[in-house]
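Right, one structure below, let's go through it.
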There are 2 protein chains.
Amino acid sequence: MNTIRSPQPPPSLTRSVEDYLKSVFHLTSQGGFATTSDIAEMLDVAPPSVSGMMKRLSETGLIEHVPYRGVQLTPQGRRAALQMIRRHRILESYLTSKLGYDWGDVHVEAERLEHAVSEKLIERMADALGEPRYDPHGAPIPTAAGEIEEAELVPLAESVVGGSVVLQEVGDEHPARLHYLAEQGLTPGVRLTVIDRQPFNGPTIVRLGDGTTRVVGQELALLLFCRPSDGE
Amino acid sequence: MNTIRSPQPPPSLTRSVEDYLKSVFHLTSQGGFATTSDIAEMLDVAPPSVSGMMKRLSETGLIEHVPYRGVQLTPQGRRAALQMIRRHRILESYLTSKLGYDWGDVHVEAERLEHAVSEKLIERMADALGEPRYDPHGAPIPTAAGEIEEAELVPLAESVVGGSVVLQEVGDEHPARLHYLAEQGLTPGVRLTVIDRQPFNGPTIVRLGDGTTRVVGQELALLLFCRPSDGE
DNA sequence: TTTGAGAATTAGTCTAGGCTAAAGCCCTGT
DNA sequence: ACAGGGCTTTAGCCTAGACTAATTCTCAAA
């Protein structure tokens with residue numbers, strides 16, 4: 001008799017654990033470690049709560065914890081985090097496309113739903129949408145297999161003056177800012193010509209396809225991730 | 001200055017509390033009290049867990065607890081329970097109509113989602129469905145205002161032999177039984193002629209609209225709720 | 001009227017996941 | 001080289017919501 005049950009039954013993580021894994025993923029996406037206080041701030045909990053959870057998560061093999069340094073995801077933790085991010089982004093896409101949600105309002109709703117949906121439901125939504133590759137904010141949606149596109153994007157605030165870029169992703173979830181950006185026509189896929197930038201962290205001035213211009217303050221311009229688009 | 005804040009901010013119940021309220025609602029739908037052990041069995045927890053929760057719920061005014069007798073919902077508890085039932089049934093309807101779910105599989109999915117969806121999402125789904133009045137099992141969907149239709153239904157097992165009935169509601173959530181019933185053509189809305197019933201809790205024999213007959217064992221026949229349909 | 005079975009409650013414990021206060025580590029600036 | 005400041009961790013506590021074991025209540029039957 002074979003007593004080894006190989007492809008472990010899904011451990012079924014708690015809501016809280018899922019949130020911690022997502023935070024660590026986002027905080028380590030540029031490489032390096034996620035620190036206790038960054039995680040605490042992102043999840044709005046006290047630092048000791050993070051230390052406690054990091055201990056539990058490293059015992060279950062989801063993260064690697066270097067005391068006083070920070071944490072990184074193990075391959076297993078990364079898979080779990082990407083699964084949550086896929087759920088989140090598919091949900092955002094579905095709510096926007098199929099239920100008329102505004103792109104500023106989907107984040108909060110998806111944040112709760114992502115912990116409750118089954119794999120099956122997510123795949124049905126993805127199917128109904130035609131397997132979208134980007135969510136409404138332009139963020140890449142991980143595949144069901146756990147792969148995610150990594151693009152080299154540059155914040156508009158750091159783009160080359162005189163160049164032409166395509167706004168690829170809006171790195172923000174605050175409804176008010178998103179509403180404002182949509183009003184300004186600054187949504188993913190738009191092509192922008194970088195006309196000028198004021199010194200001392202001043203605004204960036206861009207021209208849209210229709211010839212109109214926008215003055216984008218530094219704070220917002222740091223959230224608009226672009227890829228260069230020199231040729232056509 | 002008015003220090004009374006009348007229409008209390010929504011207290012935001014926990015998942016567990018929501019489940020208890022639903023159980024009490026279902027167990028008291030015929031009037032009377034819900035007993036500790038019935039609730040425990042329905043939620044698959046130990047009786048002392050129920051006693052503990054009943055204490056908390058009566059402190060927050062959601063139920064009325066008569067020690068050693070049982071509990072009933074207060075008007076506030078009933079509103080909360082009906083809200084959960086509305087969510088559940090709208091979700092079941094949406095998953096069936098819009099995402100191709102089988103009626104045997106929707107219950108489990110809705111059971112998790114009902115705790116995570118917002119009011120707004122439920123109303124958008126209801127709207128997309130055209131404000132359905134019944135869920136896929138034929139159960140009435142409470143209105144957003146908290147009203148629910150109460151019909152006088154009779155289990156097929158207790159219907160009058162020789163009479164004609166319409167199958168209104170299937171009172172079961174087990175996927176296997178639901179699949180079987182669908183195969184047999186026994187789904188809500190179907191008209192049945194009750195041809196015969198074997199003695200000693202034996203099966204009921206019915207004829208469908210297409211002239212074919214079905215032999216329905218007592219266990220299943222108790223789950224098929226019908227309304228008389230004498231005239232056309 | 002009493003008694004005993006069965007149901008309900010109380011008592012006490014456990015875990016997850018928060019918190020504050022206190023202690024420990026690391027690194028930079030003098 | 002070391003002192004101090006800022007993180008991080010530990011210690012200890014709290015709540016919700018489970019559990020088991022022990023106790024108490026109720027009601028029906030003798």
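Note on naming: letters A, B, ... go to the chains in the order of the sequence lines (proteins, then strands), and numbering restarts at 1 for each one.
Computed from coordinates, the Leu57(A) CG to dG18(C) P distance equals 11 Å when rounded to whole Å. As a whole-Å value, the separation of Ile63(B) CD1 from dA8(C) C1' is 14 Å. The separation between Arg15(B) atom CZ and dA16(C) atom C1' is 16 Å, rounded to whole Å. Here dT9(D) presents its C1' atom at 15 Å from CZ of Arg69(A), a figure rounded to the nearest Å. Taking atom CG on Asp44(B) and atom P on dG17(D), their separation rounds to 17 Å, with Å as the unit. Put simply, CD on Glu18(A) is 15 Å from C1' on dG17(C), counting in whole angstrom units. Distance OH (Tyr68(A)) to P (dG5(D)): 19 Å, rounded to an integer number of Å. Note: CD (Glu59(A)) to C1' (dG17(C)) measures 14 Å, nearest angstrom.
Among the nucleotides dG17(C), dC19(C), dA18(D), the one closest to any side-chain atom of Ser16(B) is dA18(D). Candidate nucleotides dT9(D), dT9(C), dT8(D) were compared by shortest atom distance to the side chain of Pro67(B), and dT9(C) ranks first. Across dT20(C), dG17(C), dA18(D), the shortest atom-to-atom separation from the side chain of Pro48(A) is found for dT20(C). Nearest to the side chain of Lys55(B), among dA21(C), dT10(C), dT9(C), sits dT10(C). Of the candidate nucleotides dC19(D), dG17(C), dA8(C), dA8(C) has the atom nearest to the side chain of Thr35(B).
For Lys22(A) and Glu114(A), the salt-bridge test passes: some basic side-chain N is under 4.0 Å from an acidic carboxylate O. Using a 4.0 Å cut-off between a side-chain N of Lys or Arg and a carboxylate O of Asp or Glu, Arg86(A) and Glu123(A) qualify as a salt bridge.
Counting only distance, with no hydrogens or angles, the side chain of Arg89(B) and the backbone of Ala139(B) share no donor-acceptor pair below 3.5 Å. Looking only at distances, no side-chain donor or acceptor of Thr28(B) sits under 3.5 Å from a matching main-chain atom of Gly32(B).
Shown are Glu152(B), Glu169(B), Gln168(B); of these, the side chain to side chain contact (heavy atoms under 4.5 Å, CB included) with Arg227(B) is made only by Gln168(B).
Dashed line: the shortest gap from a side-chain N or O of His65(A) to OP1 or OP2 of dT8(D) is not under 4.0 Å. Contact check, Tyr20(B) against dA18(D): a side-chain N or O comes under 4.0 Å of OP1 or OP2. At dT9(D), one or more side-chain N or O atoms of Thr36(A) fall inside 4.0 Å of OP1 or OP2 (strictly under the cut-off). Between Arg56(A) and the phosphate of dG17(C), there is a side-chain N or O to OP1/OP2 separation shorter than 4.0 Å. For dG6(D), neither phosphate oxygen OP1 nor OP2 lies less than 4.0 angstrom from any side-chain nitrogen or oxygen of Ser37(A). Distances shown here put a side-chain N or O of Thr14(A) below 4.0 Å from the OP1 or OP2 atom of dG17(C).
Counting only heavy atoms from C-beta outward, the side chains of Trp103(A) and Pro188(A) approach each other to under 4.5 Å.
Within 4.0 Å (heavy atoms only), Ser49(B) reaches at least one base atom of the nucleic acid. Residue contacts shown for Ser51(B) include a base, since a base heavy atom lies under 4.0 Å away.
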